Amino acid sequence: MRSEEEANRAIELYSDTVRRICLLHLKNDSDTEDIFQTVFLKYVLHTKAFENEEHEKAWIIRVTVNACKDLLKNFFHTKTVPLESLPEMALEMPEDNRDILEAVLSLPSKYKDVVYLYYYEEYSAVEISQILKKNVNTIYTLLTRARQILKVKLKEVTDIE
Amino acid sequence: MNDKWKETFDPIRAESSLKHHTKEYLAKKVYRKKGFLFFVYHRFAFAAVCLVFVFFAGSYYLYFFPTAFISIDINPSVELRINRYNQIISVEGYNDDGRLLADALEVKFMNYLDALNQILSDQSIQAYLSDDEQMSLTVAGKDQAQCSSILQTIESFVSNHKNIHCHAGNADEIHTAHALGMSFGKYQAFLVLQELEPSFTADEVKDLSMKEIKAFIEKYSKTDESSPSDATDTTEGSENQRQRHRHRYGQNRSEN
């Protein structure tokens, strides 16, 4: 088990990344808090050493994505969770950025992580395939389809190619 | 376009309250819980050690606390201390011959009957018995039921020996007897003699053999031979026991 100091360091280092992935999938603060607790509890209990910070970050991303999927799959959760609007910080964004965020959030769930990891975190398709444990070709396919959807939603989407 | 993505997602940050709640959750769920478990574990370990100690102390007490005594007096005076499981836990000699015999005997943790058999088989005891000495086996202890059972058993065991006589002793007199430096079996004989002839002192009697004490009892009890016999009741009080012993010593005398 990792020490409390290690846990606090990881929270400071990766909580923004975890928060962004939560934003992609979850619609209220309570669920986000649940995911934070799940992810960092798993981190504390994960005794295997990481090769470096990149490896550690990739592990955190994979655990967060899986935790979000697990939460959304929960039958009780799907029937009871109320919808909330975008977080305050998103409302304060310039309109262009808010449009991008809303367009990404409106994507089907299977495209959100790929798009976020590719465009914001700047991982390659190969790296994304390793993080999400998916075939590289699947990642390419998901990226292509996500671009097509975003193209419709955003005029600027052509620039992302 | 990457700048647009950066501008879009950069402002999305984990709220400080979210980080704080997560740290609190981990502290409560993992770290303080560990401390609590550690505390509980130590308390449990301490309680377990105490229980083990109590168990062993209790077992030690049950095993090594004497509940019955057999005083064997002929010339050697020895006492067998018997636990509630009818096993010998110690042998004490109360005169020089008794101490020699106690040192030579290997009867510890043996059943009292096996121990008695070994004592009666001892060469020195055999020599005394063949020399027409009188052996007295006196049983006393706090556990009346156990003492009665032991007395009955040894009475049956020595029934073929005409010069071995069994008596029930008084547990309350054991400490007094030891304080006077004699076995409680010999002390009981001394009390009988002293009752007949008050001028006798413990110092005078403690080095006498049982045969010699009985000879004195016989000598001083000639006027007391009309007392009724009560050979079967061995669980009465001190005074009755004393009366019974006096009669028995008289009876034994007449038998011999």
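These numbers were taken from a predicted model, which means no experiment stands behind them. Order of the sequence lines fixes the chain letters, A, B, ..., with proteins taken first and strands second; residue numbering starts at 1 for each chain.
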How far apart are the C-alpha atoms of A:Phe36 and B:Lys23, what are their side-chain angles, what is the distance that settles it, and do they pass the side chain to side chain contact (heavy atoms under 4.5 Å, CB included) test?
CA-CA 10 Å; A:Phe36 264 71; B:Lys23 287 175 186 175; over 6 Å; no
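Under a cut-off of 6.0 angstrom, the local environment of CZ in A:Arg145 is sparse, with at most 12 non-hydrogen atoms contributed by other residues, nucleotides or ligands.
Listed by sequence position, A:Glu4, A:Ala7, A:Asn8, A:Ile11, A:Glu12, A:Ser15, A:Asp16 are the residues of residues 4-18 of chain A in contact with chain B, using a 4.5 angstrom heavy-atom cutoff.
Residues A:Asn97 and B:Phe9 are not in side-chain contact: their nearest non-hydrogen atoms beyond the backbone lie 4.5 Å or more apart. Counting heavy atoms from C-beta on, the side chains of B:Trp5 and A:Val115 come closer than 4.5 Å.
The CG atom of A:Leu101 lies 13.0 Å from the CD atom of B:Glu7; values are rounded to the nearest 0.5 Å. Distance check: A:Arg19 CZ to B:Lys19 NZ gives 12.0 Å after rounding to the nearest 0.5 Å. Taking CG of A:Asp29 as the start and CG of B:Leu18 as the end, the distance is 8.0 Å to the nearest 0.5 Å. A distance of 11.0 Å separates OG1 in B:Thr8 from CZ in A:Arg98, rounded to the nearest 0.5 Å. Considering OH of A:Tyr116 and CD1 of B:Ile12, their distance stands at 9.5 Å, rounded to 0.5 Å. For the atom pair CG of B:Asp10 and CZ of A:Arg20, the computed distance is 5.5 Å after rounding to the nearest 0.5 Å.
A cation-pi contact links B:Lys6 to A:Tyr120, judged by a cut-off of 6.0 Å to the six-membered ring centre and 45° from its axis.
Looking at A:Ile35, neither its backbone nor its side chain comes within 4.5 Å of chain B, counting heavy atoms on both sides.
Counting only residues at least two apart or in different chains, ring-ring contact (aromatic ring centres under 6.0 Å, His included) contacts with residues 125-154 of chain A are absent.
Considering only heavy-atom pairs separated by less than 4.5 Å from chain B, the leading option among A:Thr32, A:Val39, A:Val44 is A:Val44.
Side-chain N or O atoms of B:Tyr31 include one that pairs as donor or acceptor with a backbone N or O of A:Ser3 at under 3.5 Å.
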